[in-house]
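Written out below as structure tokens is the structure these notes cover.
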Amino acid sequence: MAHIRIEGLRKTFPPPRGGDSVTVFDDIWFGIEKGEFVCLIGHSGCGKTTLLNILAGLDDSSGGGIIVGGKEITGPSLDRAVIFQHHALLPWLSVMGNIAFAVRSRYPGWDKAKVRAHCQKYIDLVHLTGSELKKPSQLSGGMKQRVGIARALAIEPDILLMDEPFSALDALTRGSLQDELVAICGATQQTSFMITHDIDEAILLADKIVLMSNGPQARVCEIVENTLPKGRTRQDMHRHPHYYPMRNHLLEFLVNRANSFKAELSAPGYDPKHPPITKPGVGQPPARPISAGEAPLEVKSAGR
Ligand SMILES: Nc1ncnc2c1ncn2[C@@H]1O[C@H](COP(=O)(O)OP(=O)(O)OP(=O)(O)O)[C@@H](O)[C@H]1O
């Protein structure tokens, strides 16, 4: 049994001014194993943030449910930490203060020194040592996002939920934060769920990539298993023979299939409870790996 089970999830919003209500997604089924890193990819408006909010307990479903560790989610919990696209820090508190605020909620019995030492560990982990007393207004965008990551990790959540956490950052900062997240999640085996529009980010981070078709009535089209070996890095993953099959498969989905998938729904063999699992590159002729002397690849994000 998967640690997180999304079972027949549906979300319907009432119409803003009369008319019919809108079902954003319907009959969504997939699971996340303990220690797994799962990315969700789909076009704007298919309901990714809504799904993450339901998983965080910040929104209710209109049908189906989410079971975590055998219990249905009924509201927010410190077992599920969220890192938002925008940092959502308390502007009047320092780096240390923002993280300590969350830590004190999680561990109300801890004394000041223990809270401080615990916060410092996570400040050091995200390379913010020396910035403990700075306020959010004194930090760059990347530093603010680092505080958000440290705050989320410091409450030692069962599940880390991330809604496009790096999309507002420049490419260099995004890359270095992705590297840090790879290192942290690799070391801690943190169960993680991330929404991203960036195909390369998904290939770097995810064990599994869930593909959602366009809304309304979005569905899970397919679950892609990452066929690149663990320990991959941004610098070398494009040399692996499965990189291009993976990348092309995800790109093809976003460019064509996300929209045309509705026609496949009624095809025999599609079962929403068991979406097809694909392993791009496996069983295909090997794509040519890039040799060390060749020009570096241009790494692009998928467009919306
Ligand atoms: N509170 C709400 N009331 C009514 N409609 C909503 C509400 N929240 C979201 N929606 C609608 O639900 C749909 C899905 O929104 P959501 O933000 O989940 O999509 P998304 O896939 O995360 O998009 P993006 O990639 O642009 O962030 C959109 O059409 C949005 O307008």
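Numbering of ligands and ligand atoms starts at 1, following listing order. Note that these values count all heavy atoms, side chains included, but never hydrogens, waters or copies made by symmetry. Just so it is clear, the structure is predicted and the values come from calculations on it, not from any experiment. Residue numbers count from 1 along this sequence.
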Tell me whether C46 reaches ligand 1 (any heavy atom closer than 4.0 angstrom to a ligand atom). yes

If you measure every N or O of G47 against every N or O of ligand 1, does any of those distances drop under 3.5 Å? yes

Between R247 and D200, is there a salt bridge with N-O shorter than 4.0 Å? yes

Can you sort out which atoms of ligand 1 are near H43, meaning under 4.0 Å from one of its heavy atoms? 21 (O)

Contacting atoms of ligand 1, where contact means under 4.0 angstrom from a heavy atom of K48: 18 (O), 19 (O), 20 (P), 21 (O), 22 (O), 23 (O), 24 (P), 25 (O)

Assess, by modelled atom type and distance only, whether the side chains of T278 and E222 contain a donor and an acceptor separated by less than 3.5 Å. yes

Please tell me if the side chains of F253 and L250 come closer than 4.5 Å, counting only heavy atoms from C-beta onward. no

Pair D111 + R104, salt bridge at N-O below 4.0 Å: no

Is a salt bridge present between R234 and D179, judged by a nitrogen-to-oxygen distance below 4.0 Å? yes

If you measure every N or O of V24 against every N or O of ligand 1, does any of those distances drop under 3.5 Å? no

To the nearest 0.5 Å, how far apart are CD in E164 and NE2 in H86? 9.0 Å

Looking only at heavy atoms of K11, does any of them come nearer than 4.0 Å to an atom of ligand 1? no

H197, portion touching ligand 1 at heavy-atom distance under 4.0 Å: side chain

Between ligand 1 and G45, is the shortest N or O to N or O distance under 3.5 Å? yes

Please work out, at 4.0 Å between heavy atoms, whether the side chain, the backbone, both, or neither of T49 comes within that distance of ligand 1. both

Drop me the distance from L153's CG to L181's CG, to the nearest 0.5 angstrom. 8.0 Å

